[in-house]
Amino acid sequence: MSVDAPASAHHLHITATPAALSTIRTFTEGCCHALGLDDEQTFWILLAVEEAITNIIEHAYAGRGGELDIRCWRADDDFYILLHDHGRPFAPETVAPPDLESPLETRSVGGLGLYFMRKLMDEVRFSFDAEGNHLLMVKRHAVG
Amino acid sequence: MSVDAPASAHHLHITATPAALSTIRTFTEGCCHALGLDDEQTFWILLAVEEAITNIIEHAYAGRGGELDIRCWRADDDFYILLHDHGRPFAPETVAPPDLESPLETRSVGGLGLYFMRKLMDEVRFSFDAEGNHLLMVKRHAVG
Amino acid sequence: MSNDSLTIEHQPLKRCDLFRIRGRVDGETAPRLEQALRRVLENGRYKLVLNLAEVTFLSSAGLRVLITIAKECRRFNRGNLYLAAPNQRVQQVLELAGLDELFKTFPTEVEAVGNF
Amino acid sequence: MSNDSLTIEHQPLKRCDLFRIRGRVDGETAPRLEQALRRVLENGRYKLVLNLAEVTFLSSAGLRVLITIAKECRRFNRGNLYLAAPNQRVQQVLELAGLDELFKTFPTEVEAVGNF
Ligand SMILES: Nc1ncnc2c1ncn2[C@@H]1O[C@H](COP(=O)(O)OP(=O)(O)O)[C@@H](O)[C@H]1O
Ligand SMILES: Nc1ncnc2c1ncn2[C@@H]1O[C@H](COP(=O)(O)OP(=O)(O)O)[C@@H](O)[C@H]1O
């Protein structure tokens with residue numbers, strides 16, 4: 001992937017299962033605070049990360065678990081989080097955005113995860129290569 | 001009347017009107033505390049006094065107002081309160097006790113005032129003579 | 001007038017009318033309570049919930065209002081008056097008057113409202 | 001598991017079923033919420049109120065449950081799912097998902113319950 005985490009990035013290596021979610025949350029929250037983000041920013045980053053990790057557990061690893069690396073760092077006042085897994089790749093550009101206009105009766109019940117990630121972060125970049133799947137999310141001016 | 005208040009009794013002289021109720025309340029509450037009654041006792045005494053005074057305002061003076069004397073004192077650990085007015089006398093023994101058994105639909109809406117006074121105090125004694133109407137209420141072992 | 005004098009908050013709901021009663025319900029203030037409740041009956045609404053959690057004093061004059069209005073609500077099976085969240089004092093006064101069994105009473109206002 | 005994990009309090013009322021949801025509604029806990037709500041639907045009751053005042057976190061997995069259950073409640077006009085007392089965070093998440101207009105929401109649970 002084009003963006004590499006700096007050696008100084010906070011790093012968590014864990015098996016992606018539902019049971020790991022609370023550890024991931026605590027790790028991410030700790031990173032946010034250590035990197036100077038306030039509670040408001042942290043809340044929204046935790047939501048974006050929650051959505052991304054849930055997708056990796058459910059879709060990339062189809063519930064069977066697998067290795068996951070999470071790296072967080074800051075560059076200037078921008079916050080970076082990079083997720084790396086070895087599950088099934090997918091084509092994000094083929095995922096239709098959720099229909100936010102139609103009434104509840106005809107709305108799809110899912111499809112909000114990617115939408116949330118994109119709304120909450122300034123950059124959401126997937127890449128898939130021989131080393132696995134990479135997801136980089138950036139929140140610009142996260143500290144301030 | 002057979003029982004006279006001691007000269008040392010707390011005393012309030014006031015015109016019996018609805019507007020006087022809060023002064024009477026404050027006076028009675030102050031007496032209770034000064035004489036050593038706790039909040040629990042005081043609450044129930046205030047309720048009995050409220051009922052007695054409301055009757056004097058409504059029935060004895062028929063809403064037209066008139067003189068009222070209130071005296072409170074303690075003898076041993078018994079609490080005494082004596083009310084004195086110059087309104088219409090009545091025959092308490094002819095007042096039927098409220099019906100507490102029948103369902104709401106057939107119950108009288110009133111008649112609870114005298115009943116409360118008798119339930120809350122150990123003695124409720126009316127007397128009517130040339131000097132006016134006297135009501136003595138006693139709460140035994142009110143202190144301690 | 002002492003500062004815990006009666007305040008009445010009225011919240012009209014689709015199912016019923018909720019009243020939050022605070023302070024003293026005595027000979028002096030009971031007429032105001034009766035008036036507030038009667039105004040709702042006059043609009044053809046007979047399902048009332050009275051939240052009594054913050055009633056600090058309740059005399060027979062207040063009970064008279066509760067009995068009168070409850071009777072009117074129940075007439076022709078058109079409604080009822082429920083009590084919600086009576087504090088210990090209020091509960092004791094209701095018991096003294098033998099009324100605790102006659103009013104349908106719920107520990108919380110949401111249970112009272114939800115059971116109409 | 002962090003100690004604000006999901007707790008669900010269910011209060012069946014005559015008119016409707018009230019749920020007080022506390023803590024996190026996320027990918028891990030949303031199935032439990034769905035199960036609790038579905039149990040009520042299976043008993044033929046389709047009027048639900050969800051008090052969200054103490055929800056600390058709500059992800060798309062939680063919203064998926066709300067949408068699914070609300071749809072089932074509304075079918076054949078047999079009921080609805082009302083939200084009560086959403087805190088600011090919950091409100092913001094609903095807005096993010098464009099759902100704030102789609103759920104009928106009340107500032108207090110008693111208003112939600114009373115408006116069924
Ligand atoms: N990490 C992933 N790996 C594989 N497929 C994914 C991944 N993330 C998302 N997808 C696909 O994109 C779709 C939309 O994802 P999302 O917006 O999170 O909604 P949901 O997960 O509720 O379906 C998913 O249904 C899935 O098919
Ligand atoms: N102080 C009084 N002076 C004259 N009549 C009284 C007095 N107190 C009570 N009564 C009479 O006794 C009746 C019962 O009184 P009470 O039990 O207090 O109920 P209520 O005042 O609600 O009628 C009154 O209706 C009134 O006719």
Side-chain angles (χ1 to χ4, degrees), chain B residues 16-30 32 38-63 65 68 95 97-121, chain C residues 1-6 23-34 37-38 46 48 55-83 87-105:
Chain B
T17 64
L21 277 166
S22 65
T23 305
I24 293 168
R25 195 154 59 231
T26 312
F27 167 77
T28 312
E29 196 168 7
C32 288
D38 65 16
D39 287 350
E40 175 77 18
Q41 282 284 13
T42 301
F43 178 84
W44 297 113
I45 293 207
L46 285 171
L47 181 51
V49 171
E50 176 89 19
E51 300 295 349
I53 305 284
T54 305
N55 280 348
I56 291 172
I57 294 170
E58 280 180 14
H59 302 304
Y61 285 126
L68 171 65
V95 175
D99 169 14
L100 300 179
E101 295 304 321
S102 58
L104 198 71
E105 284 67 13
T106 58
R107 269 184 83 156
S108 155
V109 297
L112 285 170
L114 281 179
Y115 176 79
F116 274 13
M117 289 152 62
R118 292 192 169 116
K119 286 278 279 192
L120 294 171
M121 305 301 275
Chain C
M1 185 146 47
S2 78
N3 59 6
D4 66 347
S5 177
L6 182 66
R24 301 180 54 86
V25 188
D26 56 24
E28 198 179 350
T29 61
R32 254 198 308 130
L33 176 61
E34 177 155 10
L37 300 178
R38 205 167 281 290
Y46 301 100
L48 311 189
V55 168
T56 53
F57 189 89
L58 178 60
S59 76
S60 71
L63 296 176
R64 178 195 282 267
V65 171
L66 299 192
I67 297 172
T68 308
I69 298 293
K71 281 184 171 193
E72 294 203 30
C73 287
R74 293 185 188 179
R75 192 171 298 158
F76 315 124
N77 250 327
R78 62 192 173 187
N80 206 343
L81 179 147
Y82 289 167
L83 305 183
N87 58 51
Q88 198 204 347
R89 287 276 183 250
V90 166
Q91 186 60 34
Q92 287 169 321
V93 173
L94 289 169
E95 284 166 18
L96 193 67
L99 287 168
D100 51 317
E101 303 278 299
L102 296 192
F103 288 108
K104 201 155 181 182
T105 303

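Within every chain, numbering begins at 1; the chains are lettered A, B, ... in the order of the sequence lines, protein sequences first and strands thereafter.
Side-chain atoms of C:Leu96 and B:Leu112, non-hydrogen and from C-beta on, never get closer than 4.5 Å to each other. The closest side-chain heavy-atom distance from C:Asp26 to B:Leu21 is not below 4.5 Å. For the pair C:Glu28/B:Thr54, no side-chain contact is recorded, criterion being any heavy-atom separation below 4.5 Å from C-beta on. Residues C:Gln92 and B:Trp44 form a side-chain contact, since some pair of their non-hydrogen atoms from C-beta on lies under 4.5 Å apart. Two residues are said to be in side-chain contact when any heavy atoms from C-beta on lie closer than 4.5 Å; C:Thr56 and B:Phe43 fail this criterion.
Atom CD of C:Glu95 is surrounded by more than 12 heavy atoms from other residues, nucleotides or ligands within 6.0 Å.
Ranked by heavy-atom pairs under 4.5 Å with chain B, the first of C:Gly98, C:Ala61, C:Ser59 is C:Ser59. Your options are B:Leu120, B:Leu104, B:Leu100, B:Leu47, and the one with the most heavy-atom pairs under 4.5 Å with chain C is B:Leu104.
Separation of atoms OG1 (C:Thr68) and CZ (B:Arg107) is listed at 11.5 Å; rounding is to 0.5 Å.
For a residue to count as touching a neighbouring chain, one of its non-hydrogen atoms must lie under 4.5 Å from one of that chain's; by this rule B:Glu40 touches chain C with backbone and side chain alike. For chain C, the nearby parts of B:Glu105 are the backbone and the side chain; heavy atoms of each come within less than 4.5 Å. With a threshold of 4.5 angstrom between heavy atoms, B:Leu46 approaches chain C through its backbone and through its side chain. No part of C:Glu101 comes within reach of chain B, as not one of its non-hydrogen atoms sits under 4.5 angstrom from that chain. Contact of C:Val65 with chain B is not made at all, since no heavy-atom distance falls under 4.5 Å. Contact of C:Leu58 with chain B is made through the backbone alone, with heavy-atom distances under 4.5 Å.
Residue B:Phe116 comes nearest to C:Ser60 through the heavy atom pair CE2-N, 4.2 Å, listed as atom of the first residue, atom of the second, then distance. Among all heavy-atom pairs drawn from C:Arg89 and B:Asp39, the shortest one is NH2-O, 4.1 Å.
Residues of residues 70-79 of chain C lying under 4.5 angstrom from chain B, judged on non-hydrogen atoms, are C:Ala70, C:Lys71, C:Arg74 in numerical order.
With sequence neighbours excluded, the residues satisfying side chain to side chain donor-acceptor pair (under 3.5 Å) with B:Ser102 are B:Asp99.
Note on B:Glu50 versus C:Arg24: salt bridge recorded, some NZ/NE/NH1/NH2 to OD/OE distance being below 4.0 Å.
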